[in-house]
S.K.: 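Starting off with a structure, shown below.
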Amino acid sequence: MKTSWRTASLVATAATVLALTTACGQDNSTTPASAARNAGATVAAGDDGNPGGGTAIGAGNGNGSGNGNGNGNGSGNGYGADGAQDATAPVTPAGKLTVASNPELGKVLTDGSGLTLYRFDKDTAEPPKSACSGDCATTWPPVPADDATAGAGVDRALLGEVTRADGSKQLTIGGWPAYRYAKDVNAGDVNGQGVGGTWFALAPTGKKAKLSGMPGLSVRKDPKLGEIVVDRAGMTVYRFMKDEAWPKSVSNCAGACLEKWPAVAPVAADDTEGVKKKGLMPFTRADGTRQMTVNCWPVYTFSGDKAPGDTNGQGVGGTWYAVSSDGKPVGAPGA
């Protein structure tokens, strides 16, 4: 059957449109950049901890509060870990406490090995008292107070201790007993967040680490640059003029460049405000990690910006510019 020139033209046009709409990044699904969560699963009543603990002595002051949602997976022994743990495992010292930045939880307190520290809603801070013992304490090992020291970003005055039923000293932060989680293996893991609706990562203040009230990406009005995109922490988002968006997203910032210009982690499209949805998707970098794009352009923050509202990265090297809501580089020559 013969094909007319008009039919052939329509077919070619449709193919071009399809290529443009599906280009820019292999897929349009968003994947959280942080470690796997247990959010969404459930734990039977009473399985998130059991009564027990000791009398408070020498504890730090402060009352932790804050919001946190999500339930954890309570399979296995009912405390969020699968199977029995080795109760005779050596106690790991706390070491120098530091503050880690989590893309979903903000500032999180970690021990000297970079493991996340947690608090338990059934504990109390005034006076400090632990309600986690037995199997609970196997899944959620209490952090020893003996050698704990305050690193950068940690207020030493918030560090205290509570005497547990077995006579051991447990570290407290702002009065709240501190724990690790058996399923956290690597530095930065936050698998214990939200388990049973009662376990939450500790902020450096002793409160629950939690999301800021801002969307993952949003638009703010800058007095000099106009409307620009910012991340969840209010930090300015930038574009690199040496990157590529078509036919697929490509980042040409790696190594030392990436240390100076951290890639923005993937953000769900419904966790944005004021940013155009076209081309709003993550892509996989050459190093295998995932990065967010705005209109298919890879986006970054700048290590030289120290506070929300800073735009110190604007125009750096004639290649870095703040991003508008449609992904264009604000103030770039010819943009």
Side-chain angles (χ1 to χ4, degrees), residues 15-37 100-105 108 114 185-191 215-217 228-233 235-272 275-305 311-330 332-335:
T16 300
V17 171
L18 179 61
L20 289 175
T21 55
T22 58
C24 152
Q26 307 103 12
D27 63 72
N28 61 356
S29 61
T30 55
T31 304
S34 58
R37 298 290 190 276
S101 181
N102 182 279
E104 295 185 11
L105 299 175
V108 173
V185 178
N186 302 309
D189 284 352
V190 286
N191 298 310
L217 291 175
I228 59 175
V229 177
V230 297
D231 68 6
R232 191 184 306 282
M235 306 302 289
T236 302
V237 169
Y238 297 90
R239 240 187 71 179
F240 186 32
M241 300 302 286
K242 294 183 180 181
D243 283 349
E244 302 172 29
W246 306 98
K248 66 178 182 178
S249 303
V250 176
S251 168
N252 288 306
C253 177
C257 173
L258 202 60
E259 292 180 7
K260 191 173 184 179
W261 301 88
V264 174
V267 174
D270 59 3
D271 189 24
T272 64
V275 184
K276 292 188 177 180
K277 296 295 191 287
K278 178 185 176 183
L280 187 63
M281 61 182 69
F283 75 103
T284 301
R285 296 172 48 82
D287 59 10
T289 61
R290 302 272 284 166
Q291 181 174 357
M292 192 63 186
T293 72
V294 176
N295 195 21
C296 298
W297 289 98
V299 290
Y300 311 78
T301 53
F302 179 45
S303 61
D305 287 345
T311 55
N312 299 317
Q314 178 66 8
V316 169
T319 55
W320 291 92
Y321 296 92
V323 177
S324 66
S325 62
D326 60 0
K328 293 182 180 178
V330 177

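Sequence positions, counted from 1, serve as the residue numbers for this chain.
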S.K.: Between W320 and F302, is the ring pair (Phe, Tyr, Trp, His ring centres under 6.0 Å) condition met? List the steps.
M.R.: CA-CA 10 Å; W320 291 92; F302 179 45; 8.0 Å; no

S.K.: Determine yes or no for a side-chain-to-main-chain donor-acceptor pair under 3.5 angstrom, with D231 supplying the side chain and L217 the backbone.
M.R.: no

S.K.: With a 4.5 Å cut-off on side-chain heavy atoms, are N252 and V250 touching?
M.R.: yes

S.K.: So, the side chain of Q291 versus the backbone of V299: is there a donor-acceptor pair under 3.5 Å, distance only?
M.R.: yes

S.K.: Checking the side chain of T236 only, and the main-chain atoms of V230 only, is there a donor and an acceptor separated by less than 3.5 Å?
M.R.: no

S.K.: Just by modelled atom types, is the T289 backbone N or O under 3.5 Å from a matching donor or acceptor in the D287 side chain?
M.R.: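 Checking the backbone N and O of T289 against the side chain of D287, a donor-acceptor pair under 3.5 Å is found.
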
S.K.: Distance-only, no hydrogens or angles: does the R290 side chain make a donor-acceptor pair with backbone N or O of R285 under 3.5 Å?
M.R.: no

S.K.: For residues 255-271, tabulate all N or O donor-acceptor pairs below 3.5 Å that involve a side-chain atom, not counting sequence neighbours.
M.R.:
from	atom 1	to	atom 2	distance (Å)
D271	OD1	G216	N	3.3
D271	OD2	G216	N	3.3
D271	OD2	R232	NH1	3.4
D271	OD2	R232	NH2	2.6

S.K.: Which value, rounded to the nearest 0.5 Å, describes the distance between R239 atom CZ and W297 atom CH2?
M.R.: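 So the gap between those two atoms works out to 4.5 Å.
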
S.K.: Quick one: pull up OG1 in T301 and CE in M235 and give me the separation to the nearest 0.5 Å.
M.R.: 7.0 Å

S.K.: If only atom types and distance count, is the side chain of S249 paired as donor or acceptor with the main-chain N or O of C296 below 3.5 Å?
M.R.: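 Checking the backbone N and O of C296 against the side chain of S249, a donor-acceptor pair under 3.5 Å is found.
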
S.K.: Mind checking side-chain hydrogen bond (donor to acceptor under 3.5 Å, both in side chains) for D243 and listing every partner two or more places apart, or none if nothing turns up?
M.R.: Y300

S.K.: Backbone N or O of K328 within a donor-acceptor pair of the S324 side chain at under 3.5 Å?
M.R.: yes

S.K.: Checking T272 side chain against K277 main chain: does a donor-acceptor pair fall under 3.5 Å?
M.R.: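 No, T272 side chain to K277 backbone: no donor-acceptor pair under 3.5 Å.
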
S.K.: Would you find a donor on one side and an acceptor on the other, under 3.5 Å apart, between the side chain of N102 and the backbone of V108?
M.R.: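 Side chain of N102 to backbone of V108: no pair is present.
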
S.K.: Treating S251 as the side-chain partner and C253 as the backbone partner, does any N or O pair qualify as donor plus acceptor under 3.5 Å?
M.R.: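 Yes, S251 side chain to C253 backbone: donor-acceptor pair under 3.5 Å.
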
S.K.: Are N295 and L280 close enough that some pair of their side-chain heavy atoms sits under 4.5 Å apart?
M.R.: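 SC-SC contact between N295 and L280 ruled out.
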
S.K.: Would you mind reporting whether F283 and K248 have side-chain heavy atoms less than 4.5 Å apart?
M.R.: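 No, too far: nothing below the 4.5 Å cut-off.
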
S.K.: Are V316 and Y238 close enough that some pair of their side-chain heavy atoms sits under 4.5 Å apart?
M.R.: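 Result no, sub-4.5 Å side-chain heavy-atom pair not found.
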
S.K.: So which atom in P329 and which in Y321 form the shortest heavy-atom distance, rounded to 0.1 Å?
M.R.: CB-CB, 3.8 Å

